[in-house]
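All values below were derived from every heavy atom in this structure, side-chain atoms included, with hydrogens, water molecules and symmetry-related copies excluded.
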Amino acid sequence: MNTQPNTGSNRLAIIGGGSWGTALAIVLAPRFSEVRLWVYESDLAARMHDLRENDVFLPGMRLPGNIAPTCDIGAAVENCGIVLTVMPSHHVRAVVASLKPHLSTEASIVSATKGIENGSLLRMSQVIEEVLGPDSAGRIAVLSGPTFAREVAAGEPAAVVIASVNNQLAGTLQVALSGPTFRAYTNSDPVGVELGASLKNVIAIAAGICQGLGLGSNARAALITRGLAEINRLAVAMGYLKSTQPRS
């Protein structure tokens with residue numbers, strides 16, 4: 001298995017042109033000579049190219065000149081050493097399968113998609129590894145954190161975590177992706193990062209229901225506290241490294 005990280009020729013590919021993918025393209029643009037942003041909708045890709053704005057998913061946010069929107073998935077990843085996958089979770093398997101013939105076997109893959117696959121209940125990095133093959137495990141990482149796309153795109157301070165079983169890869173990606181307002185931390189626990197990112201959305205929905213029903217702050221606080229305990233128990237059962245601490 002190849003465990004040496006590769007950041008390629010200072011070109012970044014982002015697969016997924018929704019609000020989060022577009023925000024990542026904007027905040028990471030200063031770090032790379034070119035950012036290729038794959039957009040599923042050809043008409044949206046064309047408008048983004050001409051208008052320098054994602055008028056559907058992130059209106060009002062200007063695309064820097066070195067962001068190249070495209071609906072050609074092969075062109076998006078050509079000669080790119082880092083590929084961020086940011087499509088919705090239910091599309092990850094199909095999109096990565098389409099991506100596979102065009103992907104360098106040396107490219108580092110960073111999953112920035114939150115979610116669990118329907119049916120298989122696999123985490124997104126597991127789906128990617130299953131599609132690309134077991135030899136890809138050492139070049140896969142996950143990126144997640146408490147972020148809002150519009151705030152990230154606007155340059156407001158944000159912190160994320162990059163997790164991988166390959167510590168060298170996580171460290172290399174941390175250097176490549178961190179900037180003045182976008183700080184990446186690392187750890188070796190993709191299981192905990194992916195499960196925490198996915199399951200907290202369930203608790204957030206339940207908290208919103210509590211608020212809508214007028215059950216008060218005490219009920220929401222109890223729900224969140226117990227929800228965190230349940231997330232931790234499930235994560236430990238699924239292989240989360242309970243003793244893992246974030247690195248600098």
Side-chain angles (χ1 to χ4, degrees), residues 1-8 12-16 18 20-21 24 28 38 73 76-77 80-100 102-147 159-174 176-177 184-202 231-232 234-242 244 246-247:
M1 179 179 67
N2 176 28
T3 60
Q4 296 302 310
N6 175 39
T7 57
L12 171 69
I14 297 180
I15 307 301
W20 186 219
L24 285 172
L28 295 175
W38 179 79
I73 201 166
V77 299
C80 290
I82 302 176
V83 177
L84 267 69
T85 59
V86 202
M87 71 290 285
S89 59
H90 55 282
H91 291 312
V92 167
R93 184 176 294 274
V95 173
V96 174
S98 298
L99 183 67
K100 183 178 180 179
H102 310 285
L103 193 64
S104 166
T105 57
E106 302 298 315
S108 301
I109 316 300
V110 184
S111 172
T113 297
K114 294 178 182 177
I116 304 295
E117 187 179 45
N118 291 335
S120 73
L121 301 181
L122 293 176
R123 294 175 285 107
M124 294 298 102
S125 65
Q126 291 177 304
V127 174
I128 294 171
E129 181 181 346
E130 192 171 272
V131 174
L132 297 182
D135 290 344
S136 66
R139 56 192 180 96
I140 295 173
V142 301
L143 182 153
S144 191
T147 52
V160 296
V161 63
I162 297 173
S164 176
V165 296
N166 182 347
N167 292 334
Q168 185 179 358
L169 172 63
T172 300
L173 291 170
Q174 177 187 40
L177 301 181
Y185 294 85
T186 67
N187 70 41
S188 56
D189 184 23
V191 177
V193 170
E194 288 184 289
L195 289 177
S198 301
L199 297 174
K200 64 87 179 172
N201 288 336
V202 179
I231 289 172
N232 187 69
L234 178 58
V236 169
M238 295 182 68
Y240 154 61
L241 304 177
K242 194 172 183 180
T244 295
R247 295 192 293 269

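- Rounding to the nearest 0.5 Å places OG1 of Thr113 at 10.5 Å from NE2 of His90.
- In terms of modelled atom types and a separation under 3.5 Å, the side chain of Ser188 and the main chain of Asn167 share no donor-acceptor contact.
- For the pair Ala141 and Leu173, the tightest heavy-atom approach, listed with the atom from each and the gap, is CB-CD1, 3.6 Å.
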Audit row: Ile116, Leu195, side-chain contact (heavy atoms from CB on, under 4.5 Å) steps and yes/no: CA-CA 8 Å; Ile116 304 295; Leu195 289 177; 4.0 Å; yes
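- In terms of modelled atom types and a separation under 3.5 Å, the side chain of Lys114 and the main chain of Ser144 share no donor-acceptor contact.
- Heavy-atom minimum distance, Ala107 versus Arg139: O-NH1, 2.7 Å.
- Atom CH2 of Trp20 and atom CG of Leu84 lie 9.5 Å apart (nearest 0.5 Å).
- Minimum interatomic distance between Leu169 and Ser164 (heavy atoms only, all atoms of both residues): CD2-OG, 3.7 Å.
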side-chain contact (heavy atoms from CB on, under 4.5 Å) between Leu177 and Val160: does it pass, once the steps are laid out? CA-CA 10 Å; Leu177 301 181; Val160 296; over 6 Å; no
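- The shortest heavy-atom contact between Ala184 and Ile162 is CB-CD1, 3.8 Å.
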Would you check, one step at a time, whether the test side-chain contact (heavy atoms from CB on, under 4.5 Å) holds for Val96 with Ile109? CA-CA 10 Å; Val96 174; Ile109 316 300; over 6 Å; no
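- Annotation: salt bridge (Lys or Arg N to Asp or Glu O under 4.0 Å) contacts involving residues 193-202, sequence neighbours excluded, comprise Arg123-Glu194.
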side-chain contact (heavy atoms from CB on, under 4.5 Å) between Leu99 and Val83, worked out: CA-CA 10 Å; Leu99 183 67; Val83 177; 4.3 Å; yes
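- The two residues Ile15 and Ala76 make their nearest non-hydrogen contact at CD1-CB, 4.2 Å.
- Contact record, Leu12 with Cys80: C-SG, 4.0 Å, taken as the closest heavy-atom pair.
- Taking OG1 of Thr147 as the reference point, atom CG of Leu24 lies at 7.5 Å (rounded to 0.5 Å).
- Separation of atoms CG (Leu132) and OG (Ser125) is listed at 11.5 Å; rounding is to 0.5 Å.
- Annotation: the span from Glu129 atom CD to Ile140 atom CD1 amounts to 5.0 Å, rounded to 0.5 Å.
- With a 4.5 Å cut-off on side-chain heavy atoms, Val92 and Glu117 do not count as touching.
- Here the straight-line distance linking atom CD of Glu130 with atom CZ of Arg93 works out to 4.5 Å at 0.5 Å rounding.
- Taking the side chain as every heavy atom from C-beta outward, Asp135 and Thr105 never approach each other to under 4.5 Å.
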